[in-house]
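Here is the structure we will look at, set down as structure tokens.
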2 protein chains.
Amino acid sequence: MSAFSRLLPAWLTHYPREKLGADITAGLMVTILVIPQSLAYALLAGLPPQQGLYVSILPVIAYAWLGSSMVQAVGPVAVTAIMTYAVLSPIASPGSPEYIALAAALSLLSGAMLLACGVLRLGFLSQLLSRPVISGFISGSAVLIIISQLKYLLGVTPHGASSGEVMLDVLSKLPQSHLPTLAIGLTALLVLAVVRSTLAGWLVKAGLASQRAAFVVRVMPLVVVLVGTLAVIEFDLDRAHGVAVVGSVAAGLPAFNFFLPGFDATRSLIVPAFLMMLIGMVQSITMAQALAIKRRERIDANAELVGLGAANVVAAFSGGMPVGGGLSRSAINVAAGAQTPLASIVSALAMIGVLAGAASWFERLPLAVLSASIIMAATSMIDLQALRQAWSYDRADALALLCTAGGVLLFGLEAGIGMGIVLSMATLLFRVSSPHIAVVGRVPGTEHFRNVARYEVETLPGVLFVRIDERLFFGNLGAVEQRLNQELEGVADAHDLVLVMSGVNLLDTTAVEVFGEINQDLAERGIKLHLAEVKGPVQDRLMKSVLWNALTGEVFLSANAAYEKLAPPEVWCPDI
Amino acid sequence: MSAFSRLLPAWLTHYPREKLGADITAGLMVTILVIPQSLAYALLAGLPPQQGLYVSILPVIAYAWLGSSMVQAVGPVAVTAIMTYAVLSPIASPGSPEYIALAAALSLLSGAMLLACGVLRLGFLSQLLSRPVISGFISGSAVLIIISQLKYLLGVTPHGASSGEVMLDVLSKLPQSHLPTLAIGLTALLVLAVVRSTLAGWLVKAGLASQRAAFVVRVMPLVVVLVGTLAVIEFDLDRAHGVAVVGSVAAGLPAFNFFLPGFDATRSLIVPAFLMMLIGMVQSITMAQALAIKRRERIDANAELVGLGAANVVAAFSGGMPVGGGLSRSAINVAAGAQTPLASIVSALAMIGVLAGAASWFERLPLAVLSASIIMAATSMIDLQALRQAWSYDRADALALLCTAGGVLLFGLEAGIGMGIVLSMATLLFRVSSPHIAVVGRVPGTEHFRNVARYEVETLPGVLFVRIDERLFFGNLGAVEQRLNQELEGVADAHDLVLVMSGVNLLDTTAVEVFGEINQDLAERGIKLHLAEVKGPVQDRLMKSVLWNALTGEVFLSANAAYEKLAPPEVWCPDI
């Protein structure tokens with residue numbers, strides 16, 4: 001393999017020629033089909049519409065090169081778009097040069113973090129979020145997206161600081177709706193809803209293959225957009241009747257704009273970028289995995305992160321808007337028959353053509369129609385089934401889902417996902433915080449120690465032998481301490497406590513500190529703390545800690561050695 | 001016991017009369033000694049100085065009534081004060097009526113959360129943070145506090161959006177320092193530093209008992225404050241030479257001001273209040289525990305939370321500033337000889353007297369002296385020893401400490417503690433994310449199954465038996481899936497996978513979903529997924545999940561039943 005071809009992705013160096021036709025056709029179709037959503041998500045993010053098209057070029061190529069999924073398509077997606085808006089709109093005016101620069105910085109930061117996680121193989125961080133929490137977050141975001149779109153559908157200008165206030169203001173302005181706008185929007189919504197719910201069924205009944213029927217359904221939003229635009233042009237709805245349209249879409253290609261974000265921008269964006277990274281990570285890996293399973297392929301989670309990270313870094317410099325692995329984009333890609341990432345590369349190249357020649361065609365696209373398609377997409381993101389399943393399977397998980405969704409709606413996206421992480425972690429902590437601990441005694445006539453609750457064993461008066469069967473770390477020390485005290489209360493005149501550490505592979509720094517306190521506490525109560533059967537590596541570390549020298553008792557090689565040392569002398573001469 | 005006395009705390013109903021003298025003396029001394037820090041921390045929080053005195057009355061009584069520590073003293077503390085300032089100063093102008101109302105709301109919210117956690121026995125939530133992360137947070141906050149005080153010490157007015165900028169601006173204004181202010185501040189700082197480092201030693205050498213010497217050291221800051229104030233009065237430093245002083249301290253008692261925070265305030269303060277609750281929880285419980293160990297007493301973590309929560313709720317209505325369990329306050333309390341919470345109640349009552357009569361005495365207290373005492377207190381919060389110990393014991397924990405401290409300094413308190421939580425959790429996840437899994441086979445001639453790596457066992461061609469020894473939840477599924485695929489790769493023409501679930505006590509919602517995907521993935525690869533030895537409660541739940549019906553294989557009562565069913569027919573007649 002030459003040095004050059006080693007830089008190429010595996011799918012390209014072994015590209016099967018027979019797939020070329022399918023990939024080119026799919027790429028071209030994807031380009032056309034994703035134009036409306038690219039414009040829409042850029043507007044949703046508070047950015048000029050053409051930026052949605054810009055980030056459908058180089059970022060798409062970067063992901064095709066470095067990602068591992070064969071058919072996942074990246075680009076502007078709903079969740080990252082609304083997160084961008086939620087994060088940036090309080091600190092800059094949407095659409096302003098400052099806002100645009102911040103959006104690029106946000107993309108760069110989250111991209112750099114994704115890249116770092118991929119390179120450092122930290123994909124396991126995506127496990128910070130449980131599925132119910134993710135589902136609650138996505139559903140809550142979808143409702144926020146729908147609320148954000150109502151103003152376009154009604155043609156009103158609402159005011160309000162929070163999404164709740166905006167919602168109320170929009171509803172109060174219902175009677176002032178701009179009727180032509182409302183008529184167009186509702187028609188588009190109705191058509192899309194009917195298409196979604198019944199068209200595929202009709203077509204299959206009419207004799208179409210189900211895959212082809214699904215593709216027709218995917219094409220319909222574009223048809224609706226075209227009809228809406230033609231209606232505006234035909235009846236001059238924008239100029240004569242005040243229907244809001246996309247407006248000027250800058251033609252031409254995006255500049256490649258290298259920059260480093262300033263300290264202040266980094267400071268205010270670091271937490272949102274982290275949350276965006278986490279959501280992007282989870283969404284992208286989960287979807288790539290689901291797609292790969294259907295196609296009997298495998299993905300590499302860390303390569304996915306590298307691909308998505310590189311796409312976002314490139315997006316920062318060329319287009320300036322965060323991108324993600326898009327559910328509807330990928331579905332369009334698969335439905336159009338894409339076989340390899342070449343389809344994405346074709347679509348990126350075709351997008352250059354669109355931007356060079358045809359961008360102005362979208363200037364009279366009515367916003368109400370775009371909103372209708374965003375609302376339909378958001379509606380499909382609301383996952384009531386996940387709630388129903390979680391509710392019947394595990395109430396705690398269902399509550400986590402509801403709290404996350406409620407948090408997103410009431411307190412915003414950042415607080416919502418923050419609550420979600422905390423809830424996931426609280427569940428995790430709750431589940432790992434009860435380590436297995438047994439009071440043990442010696443099986444008579446042997447050197448073996450067993451659980452006193454299950455075996456006939458001998459014990460020493462005032463001496464408690466406790467075996468800990470789990471690694472000790474900050475998450476379970478509270479339970480360990482409580483249990484030790486509880487067991488000690490059951491021993492009359494306790495004066496020695498022996499911890500049998502055969503099952504302990506690790507004591508973290510917190511554990512060493514807490515055991516230092518337990519040691520001191522026991523000393524005040526006249527009880528010596530001994531350790532037995534400490535594993536080699538654990539002991540090597542412990543010897544460097546302050547606990548080692550402070551220990552009031554001894555360190556025994558075996559529980560039996562401790563037993564013999566601590567047994568009162570009379571036990572040794574029972575025959576006399 | 002009468003209905004009334006049941007409302008009284010246990011320490012009061014069984015109050016030993018011989019402790020009364022000690023408690024009253026201690027209470028009176030604490031009142032006087034904590035006045036300077038109460039004023040200082042109110043100023044640090046961006047509030048009028050008298051509020052620090054206000055919250056030293058009713059909140060103190062609430063905690064004495066409901067908490068479980070005998071000697072912990074609550075009141076204004078450094079960390080909550082700087083958190084209050086960090087959270088509120090971006091949304092309101094410090095000292096303004098709006099700011100004051102927000103501070104009260106913050107106190108109410110974090111207090112209500114603490115109360116709820118106490119009542120719901122959620123004290124284990126404090127385990128969200130590992131000790132190194134807490135230590136990093138406290139040290140980082142201490143540096144922030146010191147930076148925030150430099151301007152008072154130098155008598156300059158710095159500008160800047162971040163603490164870094166403020167720091168640089170202060171340093172650039174060093175040549176413009178107000179010399180009388182600087183002279184007073186540096187003198188105070190020097191005296192306090194000498195007192196802290198050497199006075200106790202000298203006094204002990206001079207023949208004083210070490211406990212008495214420690215008390216004298218504790219009194220010294222008050223002496224410095226008094227001398228500073230007298231110097232201002234004597235030489236008219238404030239009016240004639242422009243030395244900044246505390247200024248008007250409103251005399252009279254605080255009003256009891258019942259309110260409920262509005263939706264907008266709740267929305268913007270909910271996350272900071274949560275973080276404040278977490279820090280308050282950890283700090284208060286840890287310190288109460290440390291004090292209790294020294295006094296051979298026990299504390300109840302949940303009662304601590306109830307006490308601290310009630311104190312903050314009361315503080316919201318009467319004084320309007322968040323309170324916490326204070327390290328220096330409690331140390332003063334112990335050094336002054338307090339035996340029970342009665343000392344705190346006495347100090348609260350005495351504070352009423354101070355407010356009614358003597359508040360105006362502190363109006364000409366120079367800010368530079370207060371800053372010097374805050375800087376000394378903050379210096380003692382920087383825990384380099386914790387870093388050194390963590391570094392020698394566990395590098396990962398040391399890095400978590402450094403990252404949290406760095407995060408606090410560079411990105412602010414909220415982001416810093418957020419990073420700390422995430423780091424703690426990442427460590428936790430990393431540690432629990434590798435469950436114990438063994439490939440097993442049948443011990444010949446028995447129905448027992450053992451690890452193939454350790455025993456001579458028989459296996460079936462194309463069939464893999466895997467025993468999972470841990471509960472399955474969102475944190476370890478990635479590792480489980482990876483391991484299963486890895487083991488399957490080692491089996492030629494695999495067609496059946498049997499999961500022996502004898503050690504699995506739980507599958508959470510995420511686990512059910514992931515196993516649904518694994519089931520589907522294996523089906524695509526022509527491998528059936530079977531379960532064996534599923535525990536009763538686990539099975540009861542699983543039967544409600546979609547996985548149960550989608551399972552491609554069977555559910556066997558025992559691994560042996562699966563073995564016999566899946567064995568190829570020729571195994572049954574080896575003799576023919």
Side-chain angles (χ1 to χ4, degrees), chain A residues 123-125 127-132 161-162 164 263-264 267 270-271 274 289-290 293-294 296 301 389-390 392-394 397 410-412 414-415 418 421-422 424-433 471 473-475 477-479 506 508-510 512-513 517 520-521 524-525 541 544-546, chain B residues 123-125 127-132 161-162 164 263-264 267 270-271 274 289-290 293-294 296 301 389-390 392-394 397 410-412 414-415 418 421-422 424-433 471 473-475 477-479 506 508-510 512-513 517 520-521 524-525 541 544-546:
Chain A
F124 75 91
L125 271 184
Q127 296 184 45
L128 270 172
L129 295 168
S130 72
R131 294 271 177 109
S162 66
F263 179 79
D264 280 343
R267 201 179 114 102
I270 191 101
V271 175
F274 178 82
Q289 221 147 21
I293 287 175
K294 282 197 192 132
R296 302 194 186 194
Q389 281 174 12
S392 72
Y393 184 76
D394 186 341
D397 276 338
L410 290 174
F411 306 116
E414 282 182 85
I421 297 180
V422 169
S424 298
M425 287 302 130
T427 331
L428 171 58
L429 266 182
F430 193 74
R431 282 172 180 156
V432 299
S433 67
R471 53 198 126 195
F473 65 101
F474 69 93
L477 294 163
L506 174 110
D508 75 353
T509 308
T510 313
V512 170
E513 283 190 26
E517 288 161 15
Q520 200 187 338
D521 181 24
E524 300 284 353
R525 291 150 69 188
R541 276 211 173 176
K544 294 187 215 153
S545 75
V546 282
Chain B
F124 74 91
L125 271 184
Q127 296 184 44
L128 271 172
L129 295 170
S130 71
R131 294 273 177 107
S162 65
F263 179 79
D264 279 344
R267 200 179 113 103
I270 192 98
V271 174
F274 177 83
Q289 223 147 20
I293 287 175
K294 281 196 193 133
R296 302 197 188 192
Q389 281 174 12
S392 72
Y393 184 75
D394 185 342
D397 277 338
L410 290 175
F411 306 116
E414 282 182 84
I421 297 180
V422 169
S424 298
M425 286 303 130
T427 331
L428 171 58
L429 265 182
F430 192 75
R431 281 169 180 160
V432 300
S433 68
R471 52 199 127 195
F473 65 100
F474 69 92
L477 294 164
L506 173 110
D508 75 353
T509 308
T510 312
V512 170
E513 283 189 28
E517 288 161 14
Q520 200 187 336
D521 181 24
E524 300 283 353
R525 291 151 68 187
R541 276 209 172 178
K544 293 188 216 153
S545 76
V546 283

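For the numbers below, each heavy atom of this structure counts, side chains included, while hydrogens, waters and symmetry mates do not. Order of the sequence lines fixes the chain letters, A, B, ..., with proteins taken first and strands second; residue numbering starts at 1 for each chain.
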- Query: Rounded to the nearest 0.5 Å, how far does CZ of A:F473 lie from CG of B:D394?
  - Reply: 13.0 Å
- Message: Shorter than 4.5 Å, heavy atoms on both sides: which option in B:G478, B:A479, B:G418, B:A301 has the most such pairs with chain A?
- Response: B:G478
- Most contacts with chain A, counted as non-hydrogen pairs under 4.5 angstrom, among B:G475, B:A415, B:G412: B:G475
- Determine the minimum heavy-atom distance between B:F263 and A:L410, stating which atoms define it. CZ-O, 3.7 Å
- Can you sort out the partners of B:Q520 under side-chain contact (heavy atoms from CB on, under 4.5 Å), two or more places apart, ordered by chain and number? A:I293
- Select one option (side chain, backbone, both, neither) describing which atoms of A:Q389 are under 4.5 Å from chain B's heavy atoms. side chain
- Message: Is A:L477 in contact with chain B via its backbone, its side chain, both, or neither, using a 4.5 Å heavy-atom distance?
- Response: backbone
- Query: Taking only residues two or more places apart in sequence, or in another chain, which ones meet B:T510 in a side-chain hydrogen bond (donor to acceptor under 3.5 Å, both in side chains)?
  - Reply: none
